[in-house]
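First comes the structure, then the notes that go with it.
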Amino acid sequence: CSFRSVYNCLIHFYKRMHLINSIISSRSMKSVLKLQTIKVLQRSTCNYSTTSTVPLMYDDYNTTTVDSLTPILVCHGMLGSRANWTSIAKQIHKSTGRRVITVDARNHGDSPHTPSMTYPLMAEDLARLAEDMKLGTVSLVGHSMGGRAVMLAALNKLLDIEKLVVVDISPLNQEFDVTSSNEWNMEHYFHCLKAVNFNQTLSISQARKDADNQLSVRIKDAGLRAWLLMNMRQDPKTREIGWRINIDGIHSSFKESIAVFPPISSTFSNPTLFIGGSESDYIPVADHEEIRESFPTAQFVYVPGAGHWVHSQKPKEVIQLATNFL
């Protein structure tokens with residue numbers, strides 16, 4: 001994620017984790033979660049032939065698919081990965097019969113690292129993925145950075161898109177200062193992550209604890225550190241411990257290319273749903289009319305009690321909204 005308040009973007013999830021527990025403990029959520037195990041049929045990349053796009057890593061939920069239904073491509077937010085959407089993807093696939101593909105964006109998860117990271121490139125990555133997988137018409141779902149990537153793919157007509165779901169992000173740019181005196185800004189996080197010195201003599205679990213100790217000097221919230229440390233990994237071949245994400249690539253692209261949505265003059269007239277959190281300010285009500293200039297059929301729904309991490313804080317509600325719309 002990015003934009004006006006990076007601290008709120010990251011910290012909301014941990015301040016409200018009890019909401020997820022309360023939902024899961026409810027009878028209605030238990031019924032949603034009574035799902036058979038769904039096999040991930042493919043965890044793979046696509047063999048792209050162009051130099052501008054990269055082979056995105058993805059998980060393909062395609063066990064009980066109804067062939068006549070449009071498949072769904074799901075895109076995560078900044079510093080996230082396709083794993084953030086695993087549970088929701090499984091539930092949507094099981095309950096609707098739709099094929100669901102969750103994707104790692106470039107420089108994230110297990111997708112390749114590149115020096116360039118812009119919304120046009122990320123949108124083209126999705127288009128190539130759909131082309132190489134021969135998906136045909138698709139519906140797109142994206143959160144935060146991923147939401148902007150799917151919006152641009154729709155506006156630039158890069159894919160044949162049936163419907164669009166955008167989770168807690170607007171195409172309209174907001175003013176913010178990434179170098180303010182407030183320690184909770186994106187520059188702070190980038191510098192903290194870059195400053196970690198991984199001890200290669202330790203096991204991965206010990207190295208994680210050591211990295212947590214290093215981060216704790218400047219990041220006091222343990223939950224937030226744990227979320228950032230989800231991006232640690234040990235290379236299966238070299239056994240080197242480091243960051244899974246491309247910190248340098250994301251950092252160098254952030255202010256000019258990720259925090260700013262490119263100018264647009266086209267429109268996407270197919271059904272579009274914006275799902276926001278009632279406690280988030282990423283889709284201001286005042287922006288609705290201007291958003292509809294680019295997305296004329298846009299509907300807006302705000303999930304009560306949710307912040308920026310709507311799908312993590314209120315999974316049941318997001319699943320219901322998405323499945324009803326799609």
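Residues passing the side-chain contact (heavy atoms from CB on, under 4.5 Å) test with His251, sequence neighbours excluded: Glu187, Phe190, His191, Lys194. For Glu124, the side-chain contact (heavy atoms from CB on, under 4.5 Å) partners two or more places apart in sequence, or in a different chain, are Ser52, Thr53, Leu121, Leu158. For Glu289, the salt bridge (charged side-chain N to carboxylate O under 4.0 Å, His left out) test picks out Arg292, with sequence neighbours left out. For Arg98, there are no salt bridge (charged side-chain N to carboxylate O under 4.0 Å, His left out) partners, not counting sequence neighbours.
Across all non-hydrogen atoms, the minimal contact from Gly109 to Ile245 is N-CG2, 4.2 Å. When all heavy atoms of Ser111 and Pro55 are compared, the closest pair comes out as OG-O, 4.4 Å. Considering every non-hydrogen atom in both Met145 and Ala105, the closest pair reads CE-CB, 4.0 Å. Residue Met151 comes nearest to Ile169 through the heavy atom pair CE-CG2, 3.8 Å, listed as atom of the first residue, atom of the second, then distance. Summarising the geometry of Met117 relative to Arg106, their closest heavy-atom pair is CE-O, 3.5 Å, with the distance given to 0.1 Å.
A distance of 4.5 Å separates CD1 in Ile241 from CD1 in Ile204, rounded to the nearest 0.5 Å. Here the straight-line distance linking atom CZ of Arg208 with atom CG of Asn213 works out to 13.0 Å at 0.5 Å rounding. Atom-to-atom distance recorded for Phe274:CZ and Gln299:CD is 11.0 Å, nearest 0.5 angstrom. To the nearest 0.5 Å, atom OG of residue Ser294 and atom CZ of residue Phe268 are 12.0 Å apart. Asp110 CG to Asp104 CG: the interatomic distance, rounded to the nearest 0.5 Å, is 5.5 Å. With rounding to the nearest 0.5 angstrom, the CE atom of Met57 is 9.0 Å from the CG atom of Asp59.
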Would you please test Leu56 and Leu126 for side-chain contact (heavy atoms from CB on, under 4.5 Å) and show each step?
CA-CA 8 Å; Leu56 300 181; Leu126 291 175; 4.3 Å; yes
Assess whether side-chain contact (heavy atoms from CB on, under 4.5 Å) is satisfied between Asn107 and Thr114, documenting all intermediate values. CA-CA 6 Å; Asn107 291 328; Thr114 65; 3.6 Å; yes
Inset, instruction - Check step by step if side-chain contact (heavy atoms from CB on, under 4.5 Å) holds for Val260 and Tyr119. - result: CA-CA 9 Å; Val260 179; Tyr119 287 117; over 6 Å; no
Practice item. Evaluate the criterion side-chain contact (heavy atoms from CB on, under 4.5 Å) for residue pair Met232 and Phe198; output intermediate values, then yes/no. Key: CA-CA 10 Å; Met232 273 186 65; Phe198 295 104; 3.8 Å; yes
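Between the side chain of Glu162 and the backbone N or O of Thr137 there is no donor-acceptor pair closer than 3.5 Å. Looking only at distances, no side-chain donor or acceptor of Lys314 sits under 3.5 Å from a matching main-chain atom of Val303. Although no hydrogens or angles enter the test, the distance criterion places no donor-acceptor pair under 3.5 Å between the side chain of Ser253 and the main chain of Ile250. The main-chain N or O of Ser269 is never found under 3.5 Å from a side-chain atom of Thr267 such that the two would form a donor-acceptor pair. Of the possible polar contacts, one joining the Lys220 side chain to the Ser216 backbone as a donor-acceptor pair under 3.5 Å is found. Without hydrogens or angle criteria, Asn324 side chain to Gln320 main chain gives a donor-acceptor distance under 3.5 Å. Checked by atom type and distance alone, the side chain of Gln234 pairs as donor or acceptor with a backbone atom of Arg239 at under 3.5 Å. Proximity of a side-chain donor or acceptor of Ser252 to a complementary backbone N or O of Gly249 within less than 3.5 Å is detected. Between the Thr272 side chain and the Asn270 main chain, a donor and an acceptor come within less than 3.5 Å of each other. In this structure, the side chain of Ser139 does not engage the main chain of Leu164 through any donor-acceptor pair within 3.5 Å.
Proximity of Trp243 to Leu229: side-chain heavy atoms (C-beta onward) are separated by under 4.5 Å at one or more points. Between Ile219 and Leu228 there is a side-chain heavy-atom pair separated by less than 4.5 Å. Side-chain contact between Phe295 and Leu155: present, with at least one pair of heavy atoms (C-beta onward) separated by less than 4.5 Å. When side chains are defined from C-beta on, Val310 does not count as touching Ser280, because their heavy atoms never get closer than 4.5 Å. Two residues are said to be in side-chain contact when any heavy atoms from C-beta on lie closer than 4.5 Å; Ile101 and Leu135 meet this criterion. The shortest side-chain heavy-atom distance between Ile291 and Phe300 falls under the 4.5 Å cut-off. At a threshold of 4.5 Å between non-hydrogen side-chain atoms, the residues His108 and Arg82 do not count as touching. Between His308 and Ser144 there is a side-chain heavy-atom pair separated by less than 4.5 Å.
At a cut-off of 3.5 Å, with distance as the only test, a side-chain donor of Ser205 or Ser203 sits close to an acceptor on the other residue. For the 3.5 Å distance criterion, the side chains of His93 and Thr63 fail to qualify, holding no donor opposite an acceptor. Side-chain contact, Asp210 with Gln206: no donor N or O sits under 3.5 Å from an acceptor N or O.
The hydrophobic cluster containing Val66, built from Ile/Leu/Val/Met/Phe/Trp/Tyr side-chain heavy atoms closer than 4.5 Å, also comprises Leu69.
Ring pair His288/Tyr302 is parallel by interplanar angle, where below 30° counts as parallel and above 60° as perpendicular.
Aromatic rings of Trp85 and His76 (six-membered ring for Trp) have centroids beyond the 6.0 Å cut-off, not under it.
Judged as a salt bridge (charged side-chain N to carboxylate O under 4.0 Å, His left out), the pairs with a partner in residues 227-237 (not counting sequence neighbours) are, in order, Arg233-Asp235.
Note on Leu172: it clusters hydrophobically with Val150, by side-chain heavy-atom contacts below 4.5 Å among ILVMFWY residues.
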